[in-house]
Amino acid sequence: MKRLKLEVFVKEQSALDRICRVLAAIPEGRVVTYGDLAEMAGYPRAARLAGQTLRKLPRGTKLPWHRVINAQGRISLPEPGASRQRKRLEHEGITLLKGRVDMSKYRWRP
DNA sequence: TGTTTGACGCTCC
DNA sequence: AGGAGCGCCAAAC
């Protein structure tokens with residue numbers, strides 16, 4: 001908890017909290033970029049923070065971490081994670097041509 | 001308190 | 001199309 005000047009108390013939220021909440025809202029069969037994820041979580045221009053945060057997720061998480069790819073439509077996660085991600089994406093009907101997702105088709109923007 | 005670190009992104013060329 | 005260079009920014013040291 002952090003006390004602000006206006007005598008108001010606000011619950012402090014970590015980037016992990018905020019990013020996880022946005023992450024959970026991404027619909028099946030759609031993707032977002034790291035930049036999108038960060039921005040939607042309230043951290044504009046902090047794309048790297050999104051990646052740094054996803055990296056901390058436990059292996060067994062139910063959150064759709066695999067729906068986050070880079071702005072070029074490519075998987076950024078190094079192997080062996082990349083294979084797991086590609087498999088999960090294809091399982092949701094997201095096709096990768098030449099290792100790339102068609103962003104004009106699958107990118108989710110509320 | 002200052003530096004380093006990336007599952008990044010954008011602009012050249 | 002694809003790579004080099006540089007900017008970005010909260011976390012982790």
Side-chain angles (χ1 to χ4, degrees):
Chain A
M1 297 281 258
K2 182 176 186 178
R3 182 173 183 171
L4 302 182
K5 296 178 182 177
L6 300 175
E7 304 292 322
V8 177
F9 291 84
V10 188
K11 180 190 285 185
E12 290 193 54
Q13 298 181 28
S14 65
L16 184 66
D17 295 329
R18 306 177 61 110
I19 286 182
C20 284
R21 188 158 41 254
V22 175
L23 185 59
I26 305 172
E28 181 178 340
R30 307 300 297 275
V31 297
V32 299
T33 69
Y34 292 93
D36 291 339
L37 182 59
E39 183 175 4
M40 289 186 277
Y43 296 93
R45 296 177 301 287
R48 307 185 80 135
L49 175 64
Q52 190 174 278
T53 303
L54 291 185
R55 192 161 41 93
K56 299 174 184 169
L57 293 176
R59 296 186 56 85
T61 183
K62 290 182 179 179
L63 292 171
W65 54 270
H66 56 282
R67 296 180 189 144
V68 186
I69 58 183
N70 67 32
Q72 289 81 52
R74 307 179 126 290
I75 289 176
S76 291
L77 182 63
E79 292 292 354
S83 297
R84 295 181 55 230
Q85 183 169 16
R86 178 166 42 77
K87 183 175 159 189
R88 283 167 179 259
L89 288 174
E90 292 176 338
H91 189 73
E92 297 189 352
I94 299 176
T95 329
L96 282 85
L97 287 89
K98 304 293 182 184
R100 259 176 277 138
V101 170
D102 184 347
M103 298 305 277
S104 66
K105 189 174 179 179
Y106 297 107
R107 189 178 190 175
W108 180 61
R109 30 189 179 274

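To find a chain, count down the sequence lines: A is the first, B the second, and so on, and within it residues start at 1.
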| query | For residues 20-41 of chain A, which residues have at least one heavy atom under 4.0 Å from DNA chain C? | reply | none
| Any residue of residues 45-62 of chain A with a heavy atom less than 4.0 Å from an atom of DNA chain C | Arg45(A), Ala46(A), Arg48(A), Leu49(A), Gln52(A), Lys56(A)
| task | Run through the side-chain heavy atoms of Ile, Leu, Val, Met, Phe, Trp and Tyr, join any pair under 4.5 Å, and report what else lands in Leu97(A)'s cluster. | result | none
| Who pairs with Arg88(A) by salt bridge (Lys or Arg N to Asp or Glu O under 4.0 Å), at least two apart in sequence or on another chain? | none
| remark: Glu92(A) meets the salt bridge (Lys or Arg N to Asp or Glu O under 4.0 Å) criterion, sequence neighbours left out, with Arg67(A)
| note | Between Arg86(A) and the options Leu96(A), Val101(A), Leu77(A), the side-chain contact (heavy atoms from CB on, under 4.5 Å) test singles out Leu96(A)
| Can you check side-chain contact (heavy atoms from CB on, under 4.5 Å) on Val32(A) and Ile69(A), steps first, answer last? | CA-CA 6 Å; Val32(A) 299; Ile69(A) 58 183; over 6 Å; no
Could you state the [atom1]-[atom2] distance from [X] to [N], rounded to the nearest angstrom?
X: Asp17(A); N: dA11(C); atom1: CG; atom2: P; result: 10 Å
X: Tyr43(A); N: dC9(C); atom1: OH; atom2: P; result: 13 Å
X: Ile19(A); N: dC9(C); atom1: CD1; atom2: P; result: 14 Å

| remark: So the side chain to side chain donor-acceptor pair (under 3.5 Å) pairs with at least one residue in residues 18-36 of chain A (sequence neighbours excluded) are Gln13(A)-Arg21(A), Thr33(A)-Asp36(A), Asp36(A)-Arg107(A)
| message | Give me each pair satisfying side chain to side chain donor-acceptor pair (under 3.5 Å) with a member in residues 71-83 of chain A, each pair once, sequence neighbours excluded. | response | Asn70(A)-Ser76(A), Glu79(A)-Ser83(A)
| task | Report yes if the side chains of Thr95(A) and Asp102(A) come closer than 4.5 Å at any heavy-atom pair, otherwise no. | result | no
| Would you say the side chain of Gln85(A) lies within less than 4.5 Å of the side chain of Leu89(A), judging by non-hydrogen atoms? | yes
| task | Tell me, with the steps shown, if Val31(A) and Ile26(A) meet side-chain contact (heavy atoms from CB on, under 4.5 Å). | result | CA-CA 7 Å; Val31(A) 297; Ile26(A) 305 172; over 6 Å; no
Restricting both atoms to N or O, compile the protein contacts to nucleotides 1-3 of chain C shorter than 3.5 Å, with distance only.
none

| What pairs with Ser14(A) under side chain to side chain contact (heavy atoms under 4.5 Å, CB included), at least two apart in sequence or on another chain? | Leu16(A), Asp17(A)
| message | Going by the rule side chain to side chain contact (heavy atoms under 4.5 Å, CB included), which residues pair with Pro80(A) if we only count those two or more places apart in sequence or in a different chain? | response | none
Can you give me every donor-acceptor pair (side chain of residues 41-64 of chain A, partner residue at least two apart or in another chain, under 3.5 Å) with its distance?
residue	atom	partner	partner atom	Å
Thr53(A)	OG1	Leu49(A)	O	2.7
Thr61(A)	OG1	Leu63(A)	N	3.1

| said: Does anything in residues 101-109 of chain A come within less than 4.0 Å of DNA chain B? Heavy atoms only, and list the residues if so. | reply: none
